[in-house]
Protein chains: 2
Amino acid sequence: MQVPKGFSFNAVEAGIKYQGRPDVGLIFSEKPSFWSGVFTKNDVKAAPVILGLERLRKQSKIRAILVNSGCANACTGEAGLRDAEIVLTELAKNLNLSPEEILPASTGVIGSRLPVKKILAILPDLVEELSPDRAALVARAMMTTDTFPKIVSRKIKTQNTEITLLGLAKGAGMIAPNMATMLAFILTDAKIPSHKLRQWLAEAVEFSFNRITVDGDTSTNDTVYLLANGLAGEVSGKEEELFKEALFEISRELAYLIVKDGEGATKTVKIRVEGARSEEEALKLARAAADSPLVKTAFFGEDPNWGRIMVALGKLGLGLVPEKINIFINDIPLVKGGLATDKEDLAQKEMARPEFTVKIELGMGAADAEILTCDLSKEYVKINAEYRT
Amino acid sequence: MQVPKGFSFNAVEAGIKYQGRPDVGLIFSEKPSFWSGVFTKNDVKAAPVILGLERLRKQSKIRAILVNSGCANACTGEAGLRDAEIVLTELAKNLNLSPEEILPASTGVIGSRLPVKKILAILPDLVEELSPDRAALVARAMMTTDTFPKIVSRKIKTQNTEITLLGLAKGAGMIAPNMATMLAFILTDAKIPSHKLRQWLAEAVEFSFNRITVDGDTSTNDTVYLLANGLAGEVSGKEEELFKEALFEISRELAYLIVKDGEGATKTVKIRVEGARSEEEALKLARAAADSPLVKTAFFGEDPNWGRIMVALGKLGLGLVPEKINIFINDIPLVKGGLATDKEDLAQKEMARPEFTVKIELGMGAADAEILTCDLSKEYVKINAEYRT
């Protein structure tokens, strides 16, 4: 794993909800970073999202990200905002910064107050042991029902220097398009002005985190932060494309890992819709299939039950023509012209794999789109029926 | 159970999919009946739905309904239409009718051809033993993953006569608004012209079958038929209101039974949204909560996890004001002004009941709406991962 220059990390256990593992993480940049952020579109926004949006309006450079798991600090009203600000103010003192230079992020149970005392108590330790080697520890501290930490890096060579990008993410539940329920932090030592970071991050998010779904619910806390501290030098001209490509790759890779680690997921499935009249239509249809509990349980059962896919597509009432629809599982044609082929056995074999693609040809136009999703398992229900107890 | 005059019933086992139970049912009216039908809005329409729609355009009176379970005859193209017509033609001969006087309905696996020979073989037996006492047998023959037959009746007294209404339904999976995945047949001996039947049935469906959801998927086969053979005499003037009330009651009762018997359901939950700016908005929000897998698994876990309800409401991006939202479980205030109360323990006790109401006050306007839903259990996943195997 490659770490961009000038970033250091630490995470410690505050005992917010989990025991025996870190639950508060800190990412620190020795130089002020240009940055951008993308947040949940849910009407119900957590306190850290409200503060993050405030900083996005006012703060051109930032120095640190503070993240905790176990408590989302969402639906906590004015008190929740104060709680977050108390913590940020105290951390700022420890780091010799202003609180506005720190970005907050929280994930976990909604509606509970942040345990401020517990977090204040560990801040000195958190700051003390910052190190470039501890990025994986922060990825661990962000986890809720995640089963593995998600961390990805890329290196690109420019004419004069080497640029590193590092991405950390958490996902698992409440994952849906329009900013999945997730946190992702992408750090780089490239020098890139804010307006470009904003534009590129928006594009990267649209084709990665906004194209995944675990359960169709968009959380109160979804946040993606991109920080660029400039320590490795400028990226300009044609090199910008190289950088964007690496940024897109990291975003897609983190999004993929989030789906792969979806709550209770046993399958990662790409739903690809081709031949729609517009990309928007293709996307809507892919999402309808990806979010249908009947389609997702069929994935879990490795059952090439294409009728459920037809139902999920048709229910939007977009005027599809069933007779034109073809469906493939990987390369196996399962439906041709709206009718069953005799390839169900072969399709079933493809579905036995941990990852496969469902390709749907509509035969109506030239637009296409993809959504990455997972299956709906008994384990998903177990996890979510017992999450708080 | 009351049976309207002039209707007789029978069901026998053709062995389409299930063994040891009836799977083909016949409802016969000795007099031609005025009738109406409401069908799925899914783009993908099963053969019996296509034929039902055709009859709705052309056929003012009908005599019989033929229903089968085990095969939906959906996504079967021209061949599926021919299969259904062969069966209807043969049945018409047995009943001495024209095929256009018989309404078809099918439910079961999508994409498989109707086993025409098996059905033709049992038609003589089916017709032979028609009897007013066998309505419950038809309700049994309609079942797929249903755990109990759904049959309801009402009697109303008019000045000159007594009118009976009888309703039969099946539900269980692929249940969603816009015609739940379900079949429902409502029979009456009242004399009511077609244009009134159409208007009243549309209203009845809108506030009953269209206000329930099990898993958000709308099937290819959803059908409600209403038959009025007139044998008990006319309903007119003020008595029309009495009749409509009974029709609405039967529709709501059948819809309630469908949710109660939702696949794997252990809870029946009414989601009531109050204080919206329009009924449409209230309905959208109630549906968003009712279809959220995270909300539904929390119902299964008897967990008053109101944060998930807030998330489900907020994700539509309608501009809700979290600070104005109150949430009640039955009479227990769980959320006040967007914040937790200290009544979670009491709310949890209410959720331990098999039925409860979640009331959401938005504080934005005067409109309200209700949706009836069920929980999402491990059993739902089991049923749907194994449905075909």
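Please read these numbers as outputs of a predicted model, since none were measured by experiment. First the proteins, then the strands, lettered A, B, ... as listed; each starts at 1. Reckoned from all heavy atoms, side chains included, excluding hydrogens, waters and symmetry mates.
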message = Could you check whether any side-chain heavy atom of B:Asp375 comes within less than 4.5 Å of a side-chain heavy atom of B:Val269, counting everything from C-beta outward?
response = no
Leading residue by heavy atom contact count with chain A [cutoff under 4.5 Å; candidates B:Leu316, B:Leu376, B:Leu320, B:Ile325] = B:Leu320
remark   = Looking only at heavy atoms, the pair that brings A:Glu350 and A:Ile332 closest together is CG-CG1, 3.6 Å
query = For B:Leu318, does its backbone N or O pair with a side-chain atom of A:Asp43 as donor and acceptor, under 3.5 Å?
reply = yes
note = If you tally heavy-atom pairs under 4.5 Å between each of B:Ala298, B:Gly319, B:Ala340 and chain A, the highest tally belongs to B:Gly319
inquiry  = Just so I understand: if I count every heavy-atom pair under 4.5 Å between each of A:Pro322, A:Gly317, A:Gly337 and chain B, which residue has the most?
reply    = A:Gly317
request  = Answer yes or no: is there a donor N or O on one side and an acceptor on the other, between the side chain of B:Lys170 and the main chain of B:Asp146, under 3.5 Å?
outcome  = no
